Amino acid sequence: MTKTQRMLAAFALAGAAAGLAAPAASAAPMAPIALPDLPQAAPGMPEGAVPGSVQEIGDKVIPGVNQLSQLTDLPNQLWPVLAPAAPVVGLLEGVQ
């Protein structure tokens, strides 16, 4: 058997095994998806220390994500400042 024939046979066997496993996997009942419980405040904690809902958590997380996405745009914002120095930097790279 050539190497190509062995590879084709291996793919055929893997496909057959996956085909036999698929009906067994689809027969299993699906588990319901549930959100995790929100954390509970410890005694003596201030009222707003623990979020009261998933929406409140999202409201606190989304501004942070927006700030991180602004960092990805930082090179585009700095390019007008750095563009005049680009030829000098290119010459310095050639010296190394």
Side-chain angles (χ1 to χ4, degrees):
M1 220 180 217
T2 66
K3 186 176 182 179
T4 305
Q5 289 172 330
R6 285 193 304 257
M7 288 176 59
L8 290 174
F11 285 133
L13 287 173
L20 292 174
S26 64
M30 297 225 8
I33 298 174
L35 293 173
D37 293 333
L38 292 171
Q40 300 298 319
M45 287 185 78
E47 182 67 30
V50 177
S53 69
V54 174
Q55 180 65 36
E56 188 177 334
I57 294 170
D59 290 343
K60 291 180 180 180
V61 170
I62 289 175
V65 172
N66 289 337
Q67 289 176 348
L68 287 175
S69 67
Q70 289 175 356
L71 284 177
T72 61
D73 193 43
L74 187 62
N76 295 336
Q77 294 173 0
L78 290 177
W79 182 246
V81 176
L82 300 176
V88 176
V89 173
L91 289 174
L92 291 176
E93 288 177 359
V95 172
Q96 291 180 356

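Just so we're clear, the structure is a prediction, and the values are computed from it rather than from any experiment.
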*What pairs of residues pass the side chain to side chain donor-acceptor pair (under 3.5 Å) test when at least one of them lies in residues 78-91, not counting sequence neighbours?*
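Residue pairs passing side chain to side chain donor-acceptor pair (under 3.5 Å), neighbours aside: none found.
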
_Restricting to non-hydrogen atoms, name the atom on Ala83 and the atom on Pro87 that form the minimum distance, rounded to 0.1 Å._
O-CD, 3.8 Å

By side-chain contact (heavy atoms from CB on, under 4.5 Å) - contacts of [X] (at least two apart):
X: Thr4; value: Thr2, Leu8
X: Val81; value: none
X: Asn76; value: Asp73

